[in-house]
Structures are given as C-alpha cells and as structure tokens.
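Here's the structure we're looking at; comments come further down.
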Amino acid sequence: MSEPEGLQGVPEASEKGTAYGQYAGFEDLDAERLRRRRSEKWRAYPPDVLPAFIAEMDYDLAEPVREALRAAIDLGDCGYANPAGLSEAFALFCAERGGWAVETGRVFLVPDVMAGVDALLTLLTSPGDGVVINPPVYPPFFAHIRNAGRRVVEVPVVRDEGRWTLDFPALEAAFSAGARAFLLCSPHNPTGRVFSRDDLLTIAELSTRYGVAVLSDEIHAPLTLPGAEHTPFVSLGDEAGRNAVTLASASKAFNVAGLKCAVLVAGSEAMRRRLSLLPASCQFGAGLLGVVASIAAWRSGGPWLDRLIEQLDRVRGEFGKLLAERLPEAVYTPPEAGYLAWVDCSGLAPGREPGLSPASVFLSRGKVALGDGRDFGAVGEGFVRVTIGTSTRLLTEIADRMAAAVRA
Ligand SMILES: Cc1ncc(COP(=O)(O)O)c(C=O)c1O
C-alpha cells in the first residue's frame, strides 16, 4: 500500500508495540524528555510541578512539519517571512477537511491570531468602541481589547443542561446598545463548545442588523472532534460575511504556536479591500518558519491530524473517567473541539477558602499547574482549565495530583 504524502518512512504506530496500538506516538510520552523543552509550558514552573495550564500539547510534531522545518534550517532559510504558497495551502486544507472553498485572494498573513485581532480592532473600530466577548473566554481577549483603547462588553455564555450556549437576547442587547465589534471564539475556549450553523446564522443576522463587525477566532477549529461540526463564519457567504473576518492558524492543531503564523480570511470583497490596508508589519512580524510549518501542515498533515483527533477523542473520555473516580464532585462536560477541559470545581472544599481558588490549591498542594478560572472572566470563578492534550499516563498523573490536593 502506498504511504500518505509526506509520511514515507514513518513507522506505523502499531509497529512500536505499545499497549496503545494506533495511539502509540501520542501515548509514548516521556516526562523527562518533555521537561527539556524550552517552551512556556515547561519553563514557567519548577520541575516538581506538572504543567497543564497553557494551550500546548505534549505530542511531537507531525512528520511533514518536522521535515519542512529541517529542510528550511539546512538551507539557512530563516529570513523575513514571505507568504507565497500559504493561502493556496490553507485553501487546500479547508476544501479537503471542511468543504470550504476559500478564495485565496481574501487570505492575509499575520504573525499570530492575537496580532490579527489587534490589527482588526485598529482597522475596523475606533477608540472607545465596545467590543463584545463571551466569558468565560480566552483571557488575552480582555487585555487586547483594553490595550487597543476599546471597551470590553461582556455577554457571558450560559449553561443549558450542561452545554454552554450563546445568550442571544443579551447579545442583541449589547449590539443594539452600540457595540461595534464581536470577538467570537469559535470553537469556544475554554468550554470547548462548537457553535452550530444556526447559531452563526443568527449572529450574522444580528451583526448585519446592527452594523457590528464579526471577528471569528477559529484557531481550535481543525481540532473539531467526532460528533460536532464546525462552520467557518465567513463560509456562510458574502452577505453574512460582509462585515466579518475568520482568523485561522495551524498553530493549535499542529502545536507550532511559537513559530508565529496565522491568517485572516475576509468574508466579502468589501472586507478584502479593507484588509488590503493592513500594515506591512503584519507580514514581516510573522515568522518564516511559521509559514513553512503551516504550509507543510495544511498540505500534508491531514493523516497525522486524523490520528490526533482520535487521540483527543479518547483522552476527553479518559479524563471524564479519571475525574469521576478521583474527584466525583467536579463537573466536567467533555469539549466538542480541542484539548482543553473546563472543569467546575466549585463543589470542592479547598477552592472555597477565602483568597484561594481551586487552581491555586491544585498548584500549592498538588503540584499541578492548571488555568485559573478567574482569568477567563468573573464567571470563571470556581473553575479550572486543564490541558488534556497528553498521554493517558500523564493525564492520570494530572488527575492524581488534583485529587491529592483536595485530600491534603
Ligand atoms: C481562542 C484562542 N485564540 C488565540 C490564541 C492565541 O493564538 P496566537 O498564539 O496565534 O495569538 C489562543 C491560544 O491558545 C486561543 O485559544
């Protein structure tokens, strides 16, 4: 049988002969080796702390990405970024995986998603304008809006029978009160919710009615898990996308966030014209190795991504079992996309002590670093975010340390 493009010579996972068969590679993680990494995940805390706080997976890079990076290094190809081939590779990836026909002329290189958000806020809104977000939400959303001199308008997501949903009446109230932009997190970090096409159509209708720009951060979309279906906002068509931009990147799905490459996709011809005014720093702030890695990931990373999604599907279930056994008071709804688990720990005694949060207790008593729910907005009080993109063994260690902290 011929091997998939870019994967020639890579041993089949099952040949490694571990108990995990096809998941080998994702399951064969060595904590000591991981601790040699220089990334924020592995350097922010002392070595006795197990880190699961930041959105970085523990898995090794996809082979096509590694090969492309090695080739660039061997060539001394570390100059300024040029986007040649990037929009075509992105369009191929979107067509193959989501049936989304991206117009390559509407794709713009930016250094990363948050730099794209900064550029869009400057381009599409004015100082003092309200920008809507849905807490609990990715913490830098708050800071980037404030740093741009815009106003944060909070419209929290609400729990509906365990599932997090958008509060459309509150969203409409915020739009009608004068908000100028909506920074949508789709899929939603930290809840892992994938919004339905109908949800997005409602947003499009409201944003058109009130003249609100939609900035749709879809960084976690390639990691949509079985049972859910992600709709790229700007795939809804030119009318819905008239005042919209989708922000995308290979960085979360392929674990290359430090390489600095993301794209903006204009939802209409009018928006394309506006994005053509983006400053040159958008291109030159991006990393060439990020462009190289993204092209390789989007062109040849599909088979690896399929196996990763199987792994994440498995670990989201494993984590539920571990919590049920060790911390039955914790409330967890498995994510529909990505590798972040949003866990309600408000029923656990330690986090309720004055001045303490569950995350601070897990860190001090259990030596496990988790995302502190309070950083995701006031509605995150009592929650932790756990990065579960790791092996079953390390996931078990995370849960054991959480349980030990509660017992301590
Ligand atoms: C929803 C969301 N947006 C943006 C980012 C950051 O992306 P970038 O590093 O491309 O700015 C993250 C990182 O975890 C994220 O979860």
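One-based numbering along the sequence shown. Order of appearance sets the numbers: ligands from 1, and atoms from 1 within every ligand.
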Starting from [atom], locate the nearest protein heavy atom and write down its residue, its atom name and how far away it is, to 0.1 Å.
{"atom": "atom 7 (O) of ligand 1", "value": "I219 CD1, 3.2 Å"}
{"atom": "atom 12 (C) of ligand 1", "value": "Y138 CZ, 3.3 Å"}
{"atom": "atom 9 (O) of ligand 1", "value": "D112 CB, 4.0 Å"}
{"atom": "atom 3 (N) of ligand 1", "value": "D217 OD2, 2.5 Å"}

| From N189 CG over to I219 CD1, what is the distance, rounded to the nearest 0.5 angstrom? |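 The CD1 atom of I219 is 9.0 Å from CG of N189, to the nearest 0.5 Å.
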| task | Would you mind telling me if ligand 1 is within reach of the side chain of N189, the backbone, both or neither, using heavy atoms under 4.0 Å? | result |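 Looking at N189 and ligand 1, just side chain atoms fall under 4.0 Å.
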Ligand 1 atoms in contact with [X] (distance to a heavy atom under 4.0 Å):
{"X": "A55", "answer": "14 (O)"}
{"X": "H220", "answer": "1 (C), 15 (C), 16 (O)"}
{"X": "K252", "answer": "13 (C), 14 (O)"}
{"X": "M114", "answer": "4 (C), 11 (O)"}
{"X": "C185", "answer": "1 (C)"}

| So which of W342, Y138, F141 actually passes ring-ring contact (aromatic ring centres under 6.0 Å, His included) with F376? |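 Among the candidates, only W342 passes.
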| said: Does ligand 1 come near enough to S249 that some N or O of the ligand is less than 3.5 Å from an N or O of the residue? | reply: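 So ligand 1 has no N or O lying under 3.5 Å from an N or O of S249.
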| ligand 1 and V113, any nitrogen or oxygen pair closer than 3.5 angstrom? |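 By distance alone, the answer is yes.
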| Worked verdict on E310 versus R307 for salt bridge (charged side-chain N to carboxylate O under 4.0 Å, His left out) | CA-CA 5 Å; E310 283 177 32; R307 289 197 297 120; over 6 Å; no
For the pair [X] and [Y], find out whether any cationic side-chain nitrogen is under 4.0 Å from an anionic carboxylate oxygen.
{"X": "D58", "Y": "R33", "value": "no"}
{"X": "K252", "Y": "E218", "value": "no"}
{"X": "E40", "Y": "R43", "value": "no"}

| said: Side chains of D199 and T202 only: does a donor on one sit below 3.5 Å from an acceptor on the other? | reply: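 Their side chains do not contain a donor-acceptor pair, so the 3.5 Å distance test is not met.
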| said: Is it the case that over 12 heavy atoms from other parts of the model lie below 6.0 angstrom from the CZ atom of R242? | reply: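 Not more than 12 within 6.0 Å, no.
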